[in-house]
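This report concerns only the one structure given below.
It should be emphasised that the depicted structure is a prediction, and the values quoted were computed from it without experimental measurement.
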Amino acid sequence: MKISTSKLSSLQPEQLAAWAKEAMNRSKSGQIPAYIPLLARADRQGFAVQIRAIDGQIMSWGSIAQTFPLMSAVKPFVLLYLLCELGEKRVFDCVGCEPSELPFNSLTQLEIDRGKPRNPMINSGAIALASLIPGQNAVARCQNLLDWLNQQANSLLFVDELMLDSVKTNPNQNNWNLALKMVESGYVQNSEIALETYNRVCCLSGNVEDLAKLGMVLVNNGDRPMGENCRTVKALMATCGLYEASGRFALRVGLPAKSGVSGAMLSVIPGQGAIGFYSPPLDKEGNSVGGLFLLEQIAKTLRLSVFD
């Protein structure tokens with residue numbers, strides 16, 4: 001008889017299904033962002049979750065084959081890739097590690113910080129890090145990241161070209177302003193390549209299985225250099241991953257997590273496993289309403305908080 005080594009494995013499918021249905025109900029209060037036309041057409045009732053435990057147990061519920069762009073949920077992995085490729089000093093010379101008080105796309109926050117992005121989990125920080133990804137142009141840079149992630153996670157991520165086209169049809173002036181400010185302050189060299197890379201990276205897409213597998217890279221990696229980098233990424237997810245809600249979430253739930261404007265959300269449970277979610281309606285801070293609810297139920301019931 002195999003003895004379970006993860007609290008996640010004690011979760012019963014019936015309980016997960018009940019919480020997921022309640023999460024879908026609660027997500028009715030959320031909004032679908034309208035500024036990316038293709039994203040605005042997402043199914044409000046779309047919902048999927050996959051839980052992967054370190055003992056190999058996998059539990060899923062919902063539309064698990066549904067693919068979606070990771071959007072900001074990819075940011076921890078841009079950080080991990082660059083920490084592994086370039087080292088901590090180069091990365092944190094370019095971006096800070098403090099939580100932000102203002103929204104994820106705030107130019108005011110960047111101006112307060114004299115042009116240095118507050119952390120890698122907000123738009124300015126991710127645009128700055130996109131400018132550091134090795135490669136001759138945006139396509140090559142994104143491909144380098146994509147190949148590395150799929151190799152590390154055994155995932156099947158791909159670039160959703162239709163979503164990328166949709167992003168390009170309605171250029172984000174706010175992100176342009178962030179990039180130009182960082183060029184002015186010396187933290188970004190070329191605003192055009194940085195933004196093109198950032199947009200392409202945000203359109204890396206997959207399903208909840210791919211997302212949970214990415215999370216397991218942060219859970220499983222015990223070899224020293226990568227292990228230290230994984231610790232750094234998890235710490236920044238815990239303090240900055242849900243924007244201004246990060247502090248409240250740490251208090252209530254106590255797990256590293258990262259959300260994306262597509263409704264993607266990932267949580268990593270150190271020593272236990274990873275949970276990938278998809279539910280498009282967002283709260284006012286840009287986090288998945290259903291994902292936040294479901295994660296809180298799982299964490300509290302199984303006592304998963306890193307502070308327990």
* Within a strict 4.5 Å, meaning less than it, do heavy atoms of the I112 and L102 side chains meet? -> yes

* Please lay out, stage by stage, how R90 and E85 fare under the test salt bridge (Lys or Arg N to Asp or Glu O under 4.0 Å). => CA-CA 10 Å; R90 178 87 188 278; E85 291 291 309; over 6 Å; no

* Between E22 and R26, is the closest basic N to carboxylate O distance under 4.0 Å? -> yes

* Check: V289 main-chain N/O paired with D283 side-chain donor or acceptor under 3.5 Å -> no

* Could you tell me whether the side chain of N170 and the main chain of Y35 form a donor-acceptor pair under 3.5 Å? => yes

* Asked: Do K116 side-chain atoms and G96 backbone N/O form a donor-acceptor pair below 3.5 Å?
  -> no

* Asked: Between R141 (side chain) and S131 (backbone), is there a donor-acceptor pair under 3.5 Å?
  -> yes

* **Atom pair CG (L16) and NZ (K21), whose distance is rounded to the nearest 0.5 Å** => 10.5 Å

* **Which residues share a side-chain contact (heavy atoms from CB on, under 4.5 Å) with D160, sequence neighbours left out** => F158, L162, M163, S205

* Please round to the nearest 0.5 Å and tell me the distance separating atom CG of N137 and atom CZ of R200. => 9.0 Å

* Listed by chain and number, what are the side-chain contact (heavy atoms from CB on, under 4.5 Å) partners of T301, not counting sequence neighbours? -> W19

* Return the minimal non-hydrogen interatomic distance between V188 and A128, and the atom names on each side. => CG2-CA, 3.8 Å

* Over all heavy atoms of both residues, which pair between A179 and I127 is shortest? Give the atoms and the distance, please. => CB-CG2, 4.3 Å

* Asked: Just by distance, do the side chain of S267 and the backbone of P256 share a donor-acceptor pair under 3.5 Å?
  -> yes

* What orientation do Y243 and F104 show, parallel under 30°, tilted 30 to 60°, or perpendicular over 60°? -> tilted

* Structure fact -> To the nearest 0.5 Å, atom CD1 of I269 lies from atom CD1 of I54 at 10.5 Å

* **Validation row: L292, L242 side chains within 4.5 angstrom (heavy atoms)** => yes

* Structure fact -> Quick note, ring pair (Phe, Tyr, Trp, His ring centres under 6.0 Å) partners involving residues 174-200, not counting sequence neighbours, are none

* Would a distance-only check, ignoring hydrogens and angles, find a side-chain to backbone donor-acceptor pair under 3.5 Å from N229 to L80? -> no

* **Test side-chain contact (heavy atoms from CB on, under 4.5 Å) applied to A53 - qualifying residues, sequence neighbours left out** => S6, L8, S9, D55, Q57

* To do: First locate atom NZ of K258, then atom CE of M121, and finally report the distance between them rounded to the nearest 0.5 Å.
  => 7.0 Å

* **ring pair (Phe, Tyr, Trp, His ring centres under 6.0 Å) against F77, all qualifying residues, sequence neighbours excluded** => none

* Under a 4.5 Å cut-off applied to non-hydrogen side-chain atoms, are M71 and C203 in contact? -> yes

* Would R252 and E296 count as a salt bridge (Lys or Arg N to Asp or Glu O under 4.0 Å) if you check the C-alpha gap in whole Å, the side-chain angles of each, and the deciding distance to 0.1 Å? -> CA-CA 7 Å; R252 282 203 329 271; E296 184 168 355; 3.1 Å; yes

* To do: Report yes if some heavy atom in the side chain of V219 is under 4.5 Å from a heavy atom in the side chain of P270; otherwise report no.
  => no

* Report yes or no: do N105 and N123 form a side-chain donor-acceptor pair below 3.5 Å? => no

* For the pair R52 (side chain) and K213 (backbone), establish whether a donor and an acceptor sit closer than 3.5 Å, ignoring hydrogens and angles. => no

* S155 and N150: side chain donor to acceptor below 3.5 Å -> yes

* Donor-acceptor contact below 3.5 Å, side chain Q12 vs main chain S10 -> yes

* For G46, does its backbone N or O pair with a side-chain atom of S63 as donor and acceptor, under 3.5 Å? -> no

* Least distance between heavy atoms, L70 atom then L214 atom -> CD1-CD1, 3.9 Å

* **Candidate pair L204 and C142, rule side-chain contact (heavy atoms from CB on, under 4.5 Å), full reasoning** => CA-CA 9 Å; L204 289 180; C142 185; 3.8 Å; yes

* So, Q50 side chain and V208 main chain: donor-acceptor pair closer than 3.5 Å or not? -> no

* Asked: Does Y81 have any ring pair (Phe, Tyr, Trp, His ring centres under 6.0 Å) partners at least two apart in sequence or in another chain, and if so, which?
  -> W148

